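In what follows, a single structure is set out as structure tokens and then discussed.
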2 protein chains.
Amino acid sequence: MTRPRQRLLTLRDVSEASGVSEMTVSRVLRGKGDVSEATRLKVQEAARSLGYVPNKIAGSLASQRVNLVAVVIPSLGNMVFPEVLSGISATLDGTGLQPVVGVTDYSPEKEEKVLFEMLSWRPSGVIIAGLEHTEASVAMMKRAGIPVVEVLDVDGEPVDAMVGISQRRAGQQMGEAIAAAGYRRIGFVGTGMEHDLRARKRLEGFESALAAHGIEIAVRVRYEGSSALQKGREETANLLDQVPGLDFIYYANDMVGAGGLLELLARGRNIPADIGLAGFNNIELLDGLPLRLATMDACRREAGQKAAEIIAARHNDPKMEGGQRITLTPILQKGQTLRSAP
Amino acid sequence: MTRPRQRLLTLRDVSEASGVSEMTVSRVLRGKGDVSEATRLKVQEAARSLGYVPNKIAGSLASQRVNLVAVVIPSLGNMVFPEVLSGISATLDGTGLQPVVGVTDYSPEKEEKVLFEMLSWRPSGVIIAGLEHTEASVAMMKRAGIPVVEVLDVDGEPVDAMVGISQRRAGQQMGEAIAAAGYRRIGFVGTGMEHDLRARKRLEGFESALAAHGIEIAVRVRYEGSSALQKGREETANLLDQVPGLDFIYYANDMVGAGGLLELLARGRNIPADIGLAGFNNIELLDGLPLRLATMDACRREAGQKAAEIIAARHNDPKMEGGQRITLTPILQKGQTLRSAP
DNA sequence: TTGAAAGCGCTAACAC
DNA sequence: GTGTTAGCGCTTTCAA
């Protein structure tokens, strides 16, 4: 494959350039241990002028510690995971820990591979989306001997710690609000993501809430691929044509929901009196739409923050107990597309 | 800070469990060298049943090779960089190389830190957004002895290789199209990103093209913060109030442009006859809007792909020459918000 | 086809 | 405050 690249600068080079022992150079560069001001300056100057970049591979091997946190998420393409990530980064900043991201494309097999790959770097912790993983993935995480935090869902048993909302409950709440508002003929637009188990749980909760009111989803479609805004329009048109009497559409996420909103507005439909709609995620995009879409916050940023806090705390105090369970509470935003209960 | 974590499984454990020497176990696990089928099976079985995860830190130190590619980008929050990333991942898949992402928040100082941090892991290559970096960053990249590809801009001198569009030329082209269409009183909505040098270059090109037609930008505003759709609406309203005779608005990106479009439609303006508008990036979102916004593709995915190809090729053949320069050509999409030349 | 020895570049632990 | 020694867990090299 590849041949070793040219030799780079080592501690020894800095040591020779500064006339200070390797060990002391190492101390200066890490800011550990007492070093006299004089030698410190000598060393720093030498390192700077040589352009020395320490070798973390060697350092980590020797110290048996790695300042990386593995973050395993399904996708970077839909705004929700970047937000989790941004919560993680913000919290990790200043702890000396660094997130490293792996993407699974919603595939459990790829997740397993990514996890294996990341664990082979011996990170200080794992933050992973969801509670469902292959047996091998679970085994790996358990054996890794590091804090593991599963995020964005709390409906199930975690490997170790978990932080998130109850997706099932979130779906239920939306279903209840819709039924309470008197909507009766309800359509659903879902993603084609077979493996988005959180979306599935939301839908289950949603259906159970409707069932309690004697309502069944009248029609459902799934879209494949991305371009969610456009798909939202198309599938909405689709639904309306299939079932003219529809008075509500529930969308698997805000992006398709926004597309649906644009379509309904284009058709001059009376929202929310005549027909209502709701999405999920509370993405920022909604602020600029002609009407505020009803939605629910998945608390993604907060989940990332809390997860990172757990990792950081346990990194600093390895004796700390694991198994934290933090349930976040999403707020239902009625926006302007869900009428109030009569 | 932290104490070493519990001892994990090592090659020695697999060696003992299988009764095969460490060296041969290593060969099996890496699939290198000739190993008899019998021992191969013994070893694989032992590794699997123990749940052995190799230690890449030790492996990389010993072999002096690391299968990581450092990817340094300003942000994950706006869809353009994730797309570059996805081009990179797709191309790297199957090469044995893995991208590791660092985010700079458009700050040159943070970029320097991120670069230092990543280079200390001795990656096999660097892909970094833009051509402008601190002196120290440039020095680090030059000294690293690995392929470096700067992406998304070709207006300047690269450290090594570069792949992207000419941002200046892109701005010019849009300016020319607008002037040719006969628009004369032109407004500009930019981001508050002081350090988005690519946006700045686009604007320079844009202004120079207008100047060639004796036109100056009549009014410009910058928005701060995110929520680009909403800001697009607000700033558009703002502009129209300040300069009622405006007949074109150029937006720094499609997201604000989409907000502007919604605002103009809400005001019942006649697009593109009465007033035109254009964005930049050709994001997917545009497909679902009531009118297709005029825009220009930044070739982000393609830039990621080409960059990754360069890294992969040079990884496989270190003797290969560096300094590749690939200029991609963005296509101007007139959409429905830019009238044709009279 | 397999094994033994010698490091990779750094840091922990201990001596001075 | 500074230096010395002995590895960290692998892979390279070379011998068997």
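Order of the sequence lines fixes the chain letters, A, B, ..., with proteins taken first and strands second; residue numbering starts at 1 for each chain. Note that this is a predicted model, so its numbers are computed, not measured.
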Exercise. Does any pair with a residue in residues 85-94 of chain A pass side-chain hydrogen bond (donor to acceptor under 3.5 Å, both in side chains), and if so which ones, sequence neighbours excluded?
Worked result: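 For residues 85-94 of chain A: A/S86-A/R301.
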
For this session: Write out all pairs satisfying side-chain hydrogen bond (donor to acceptor under 3.5 Å, both in side chains) with one or both partners inside residues 75-85 of chain A, taking only residues at least two apart or from two chains.
Result: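 The answer is A/E83-A/R300.
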
For this session: Can you sort out which residues in residues 14-21 of chain A have a heavy atom within less than 4.0 Å of DNA chain D? Ascending by number, please.
Result: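 Output list: A/V20, A/S21.
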
For this session: State whether B/S36 places a side-chain N or O below 4.0 Å from either non-bridging phosphate oxygen (OP1 or OP2) of C/dT2.
Result: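 True: B/S36 side-chain N/O within range (under 4.0 Å) of C/dT2 OP1/OP2.
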
For this session: Please state how far atom NZ in A/K32 lies from atom P in D/dT2, giving the value in whole angstrom units.
Result: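 That distance rounds to 18 Å.
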
Set of residues satisfying side chain to side chain contact (heavy atoms under 4.5 Å, CB included) with respect to [X], sequence neighbours excluded:
| X | value |
| --- | --- |
| B/V100 | A/V100, B/L68, B/M118 |
| B/S107 | B/E109, B/K110 |
| A/T327 | A/V154 |

Problem set entry | Within-4.5 Å side-chain heavy-atom neighbours: B/P54 and B/L29 |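 In short, these two side chains do not touch, never coming nearer than 4.5 Å.
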
For this session: Could you tell me, to 10°, how much the axis swings from one end of the helix from C/dT1-D/dA16 to C/dC16-D/dG1 to the other, five pairs per end?
Result: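 The value is 30°.
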
Problem set entry | Base-contact (B) and sugar-phosphate-only (S) positions in nucleotides 9-16 of chain D, heavy-atom cut-off under 4.0 Å, - elsewhere | BBBBB---

For [X], check salt bridge (charged side-chain N to carboxylate O under 4.0 Å, His left out) against everything at least two apart and list the hits.
| X | result |
| --- | --- |
| A/K56 | B/E117 |
| A/D160 | A/R314 |
| B/R27 | none |

Exercise. Does anything in residues 66-81 of chain B pair up under salt bridge (charged side-chain N to carboxylate O under 4.0 Å, His left out), and if so which pairs, sequence neighbours excluded?
Worked result: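 Sorted pair list comes back empty.
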
